[in-house]
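Contents: one structure, followed by commentary.
Predicted, not measured: the structure shown is a model, and the values here were computed from it.
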Amino acid sequence: IRCTVLISAEWKLYFYIFLIVRFLLRSCAQKKKAARKMLPATLRKKQPNEYKIRAFVGFLFIVIVFLVGLAYVLYQQKLLQRAYFEKIKFNKAKREIKIFNSEGDIVIRGNLGTMIGYDKVHSCLPSDSRQDGSICFEWMERSRLYMQFYELDYEVKCYNLQWMALSEGIEPTDCFDMSPASVYWYGGGQLAESIFQLNNANHNFAPFVTGKIETNQWGNILKRYFINSKGAAIVVDNSTPLYVSIKNNTVTNTKELCLKAKYDDFTFVNHITPLPQLNYSICTATNMTKLHSFMAEKKLWDGLRPEESNIIHTLLTEPLWEMTAATKYDFFEETVSNYTYDVIGLGFLKQGHVLFNEFWQEHIGDFTVDEVRFPKFQETIEIMHRRGFRIVFTIQPFISTESKNFAEAVKRRLLISERFSDRRIPALTRYKSLQSAGVLDMTNNNTVPWLVDKLKTLLSTFKFDAYYLDLGTAYNMPHYYQCEKSLINPDQYKTYFINGLQNSVNIFGVNSAIERPKTPTFVSLPMFESSWNGLRKVIPTVLTYGLIGYPFLVPGAVGGDYESAEGIGGTYFNSSLDAKLPNKELYIRWLQLATFLPVIRFTHSPNSYDDESLLEMAKMMTILRQQTVTPALKKYVGVALEYGMPLARPLWMLDANDVSCHTAADEFSIGDDLIVAPILHPGVTERDVYLPAGVWKDGIDGSLRKGNRWIHDYRVEQDQVAYFIKMPDDTRF
């Protein structure tokens with residue numbers, strides 16, 4: 001059957017060519033014979049022009065051969081590139097694909113099955129075909145491709161592509177054109193380059209799992225979702241052992257986004273299928289904003305209680321104060337009291353939430369307060385509540401080998417075990433200050449009740465408000481991890497941990513995820529170094545996380561979270577407590593940016609610098625946030641809860657067809673009403689600003705600005721931040 005399928009198409013063409021040539025030659029011969037019969041007998045013997053007829057027949061034969069050859073080439077190049085499901089053109093031999101939108105424009109193009117190295121393709125056998133309307137192709141003993149069409153909406157068409165490897169060593173790989181002249185790509189997560197547009201990235205294949213961008217290709221929050229400016233989105237199935245690369249194709253000289261299915265010995269060690277499968281969908285619409293709004297997860301308010309809704313509004317209106325310490329010996333009861341007292345002394349900032357890091361315990365995983373360093377912690381928390389603060393404790397899934405709970409957890413088999421060994425032997429790892437720790441196995445039915453009981457006991461004793469989950473990244477799991485239930489990849493552990501606690505205790509936020517936690521849980525950005533480079537990473541990360549489905553974000557601390565290796569412009573300031581502070585200009589510009597983000601997060605209070613001009617600027621930013629920013633954030637919280645749209649948005653969500661909205665990557669908007677263009681470089685007091693179409697009110701001088709244009713060399717003094725408020729389109733001077 002397979003031989004018949006392969007041979008019939010080409011040999012039928014040759015057979016038809018033979019019949020055509022034979023017919024033409026016979027026609028010429030018959031016409032020649034008839035012409036000779038009509039001549040007088042005296043002329044039949046003399047044929048001085050007979051060579052002309054032979055020349056004409058020869059020429060005609062050459063023309064026929066040329067036309068037949070041309071027809072064959074067109075057959076190979078055009079007829080093989082058939083249209084499937086009306087909007088897909090797929091050349092089976094070259095495995096080139098083009099997908100069109102409803103207006104006939106190409107929205108995505110790519111090369112499929114780049115790993116096959118074999119051109120002969122045939123339709124699948126009936127036993128391998130599916131009865132769901134899908135089309136099936138097979139490359140002999142190498143790989144099989146299924147293509148299926150489905151409709152999400154009359155404007156949104158989707159095509160599912162599933163590759164199945166048929167032999168060892170085959171890793172299904174598809175690549176899509178993302179050259180800047182053609183299309184802009186976004187999504188996935190934070191890249192090592194910390195940029196919003198994926199087109200500017202460049203890295204080899206790496207597992208699509210969470211990590212730290214200092215050492216890995218991807219950051220702490222991910223989603224298998226990529227969208228381009230022409231209105232096409234790629235959504236990869238969670239079961240795919242996904243590797244991703246963004247590189248230049250040296251053959252075509254274009255930048256490509258490539259997806260690969262590959263098993264390995266850590267990230268995708270558990271085989272869901274015997275051989276890897278690449279399963280994803282491509283969805284299209286006439287406009288990328290319209291497509292994204294349809295693809296975004298909706299009804300985030302489902303199951304939201306009134307008190308949980310209040311948590312969202314509280315975080316938007318009040319700051320988050322984070323108490324950090326390098327070691328547990330730097331964190332004790334007096335530190336807490338003094339810190340909150342200094343915050344109250346500011347006078348113009350609300351109290352808000354206070355976040356304690358993991359050092360409230362003697363050893364990580366005790367889940368009890370260290371009574372030596374915090375002898376009167378119940379009383380301290382009660383005082384903080386009376387002062388108007390809300391208290392959040394950080395917990396981790398790690399149990400230190402020095403913790404009193406480690407032996408119990410081992411005995412009860414509550415920890416992740418070591419693969420290829422006795423299940424009673426726990427797999428150990430390191431995390432932050434922990435040099436040796438086990439990891440709670442949240443897939444074990446006995447682990448969740450054990451942990452919830454300890455957390456509820458702690459909560460009832462100290463009467464604090466919520467927990468913050470410090471989950472680490474995929475690479476913080478033990479390398480040879482083995483859970484009670486097999487994980488698709490190490491990141492799935494986060495989902496088990498969050499879901500295991502979410503309905504039992506209040507969760508304030510998480511620092512890593514691959515699925516959006518239940519509202520009102522916020523998601524934290526990764527830690528940024530205290531440098532100008534760290535400041536420039538904030539906007540692309542906020543926009544990316546909002547785009548991939550996380551509207552409620554907690555940015556890093558004003559001024560940065562940790563000291564960078566190269567220092568902060570060589571300058572530090574010391575407070576009265578002799579603590580290192582970020583460079584003052586950096587702190588000022590970071591605070592101006594943070595004023596427009598969903599949450600303001602502090603580790604260093606503005607009064608730490610003992611600088612009146614800085615305090616005055618901080619007061620101005622506080623008033624600006626209360627009067628202008630917070631009302632806009634509250635307005636678009638409803639939109640986020642209903643439609644899943646981010647609070648902080650890229651400019652192209654205002655006008656997806658405006659190319660300048662894609663290139664103005666260091667600006668963002670709050671909903672549709674407010675555009676922010678902060679200063680992100682040292683010693684700079686002017687910048688270029690792009691305003692989309694419409695009329696905009698200048699936040700600095702109150703003037704009206706016509707949109708759809710760049711404003712060059714826009715002046716922004718050190719105590720100012722550039723922002724513009726959308727006005728009605730009929731507004732005039």
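- Sorted by first and then second residue, the salt bridge (Lys or Arg N to Asp or Glu O under 4.0 Å) pairs with a member in residues 428-437 read Lys432-Asp470; sequence neighbours excluded.
- Checked against side-chain hydrogen bond (donor to acceptor under 3.5 Å, both in side chains), Gln502 has the following partners two or more places apart in sequence or in another chain: Thr521.
- Of the N and O atoms on the side chains of Ser179 and Asp177, at least one donor lies less than 3.5 Å from an acceptor on the other residue.
- Judged as a ring pair (Phe, Tyr, Trp, His ring centres under 6.0 Å), and not counting sequence neighbours, the contacts of Trp218 are His203, Phe208.
- Side-chain rings of Tyr184 and Trp652 stay apart, their centers remaining 6.0 Å or farther from each other.
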- Give the intermediate values and the outcome of salt bridge (Lys or Arg N to Asp or Glu O under 4.0 Å) for residues Lys494 and Asp491. CA-CA 6 Å; Lys494 299 176 178 54; Asp491 278 331; 2.8 Å; yes
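- Tyr263 meets the ring pair (Phe, Tyr, Trp, His ring centres under 6.0 Å) test with His271; sequence neighbours excluded.
- Between the side chains of Asn357 and Thr394, no donor-acceptor pair of N or O atoms lies under 3.5 Å.
- Remark: Tyr480 OH is loosely packed, at most 12 non-hydrogen atoms of other residues, nucleotides or ligands lying under 6.0 Å away.
- A search for ring pair (Phe, Tyr, Trp, His ring centres under 6.0 Å) contacts involving Phe205 returns nothing, not counting sequence neighbours.
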- Message: What verdict does the ring-ring contact (aromatic ring centres under 6.0 Å, His included) test give for Phe508 and Tyr467, after you've listed the backbone C-alpha separation in whole Å, the side-chain angles of each residue and the deciding distance to 0.1 Å?
- Response: CA-CA 6 Å; Phe508 168 83; Tyr467 288 103; over 10 Å; no
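- Checked against side-chain contact (heavy atoms from CB on, under 4.5 Å), Phe100 has the following partners two or more places apart in sequence or in another chain: Lys89, Lys98, Ile106.
- Not a single donor-acceptor pair under 3.5 Å links the side chain of Asp441 to the backbone N or O of Cys483.
- With ring centers used as reference points, Phe196 lies under 6.0 Å from Tyr186.
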- Message: Run Met645 and Met653 through side-chain contact (heavy atoms from CB on, under 4.5 Å) and show every step you take.
- Response: CA-CA 10 Å; Met645 298 296 284; Met653 284 194 177; 3.8 Å; yes
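- Residue pairs satisfying the salt bridge (Lys or Arg N to Asp or Glu O under 4.0 Å) criterion with at least one member in residues 533-545, sequence neighbours excluded, are listed as follows: Glu529-Lys537.
- Residue pairs satisfying the salt bridge (Lys or Arg N to Asp or Glu O under 4.0 Å) criterion with at least one member in residues 164-175, sequence neighbours excluded, are listed as follows: Glu171-Lys260.
- Counted within 6.0 Å of CZ on Arg424, heavy atoms from surrounding residues, nucleotides or ligands total 12 or fewer; the atom is thus considered open.
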- Is there a salt bridge (Lys or Arg N to Asp or Glu O under 4.0 Å) between Asp128 and Arg144 once you walk through the steps? CA-CA 9 Å; Asp128 296 322; Arg144 186 181 300 135; 3.3 Å; yes
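- With sequence neighbours excluded, the residues forming a ring pair (Phe, Tyr, Trp, His ring centres under 6.0 Å) with Phe398 are Tyr431, listed by chain and number.
- In this structure, the side chains of Val542 and Phe668 stay at 4.5 Å or more apart for every pair of heavy atoms.
- The side-chain contact (heavy atoms from CB on, under 4.5 Å) test applied to Ala233 returns Tyr225, Ile227, Leu291, not counting sequence neighbours.
- Looking only at atom types and distance, the side chain of Asn111 has no donor-acceptor partner in the side chain of Thr114 under 3.5 Å away.
- No hydrogens or angles considered: nothing links the side chains of Asp237 and Thr240 as a donor-acceptor pair under 3.5 Å.
- A donor atom on one side chain and an acceptor atom on the other are not found under 3.5 Å apart for Arg649 and Ser669.
- Side chains of Tyr146 and Ser129: no donor on one and acceptor on the other come within 3.5 Å.
- Under a 3.5 Å cut-off, the side chain of Ser512 and the backbone N or O of Leu471 do not form any donor-acceptor pair.
- Asp132 and Tyr150 form no side-chain donor-acceptor contact under 3.5 Å, judged by distance and modelled atom types alone.
- The side-chain hydrogen bond (donor to acceptor under 3.5 Å, both in side chains) test applied to Glu256 returns Asn249, not counting sequence neighbours.
- The closest side-chain donor-acceptor pair between Gln482 and Glu418, if any, does not fall under 3.5 angstrom.
- Ile416 pairs with exactly one of Leu428, Val439, Thr429 by the side-chain contact (heavy atoms from CB on, under 4.5 Å) rule, that one being Val439.
- The environment of CG in Asp422 is crowded: more than 12 heavy-atom neighbours from other residues, nucleotides or ligands sit within 6.0 Å.
- Judged by the 6.0 Å and 45° rule, Lys298 forms no cation-pi pair with Tyr643.
- Note that Arg419 lies in the cation-pi zone of Tyr481, set by a 6.0 Å cut-off to the ring centre and a 45° limit from the axis.
- Applying the salt bridge (Lys or Arg N to Asp or Glu O under 4.0 Å) test to every pair with at least one member in residues 210-229, sequence neighbours left out, gives no pairs at all.
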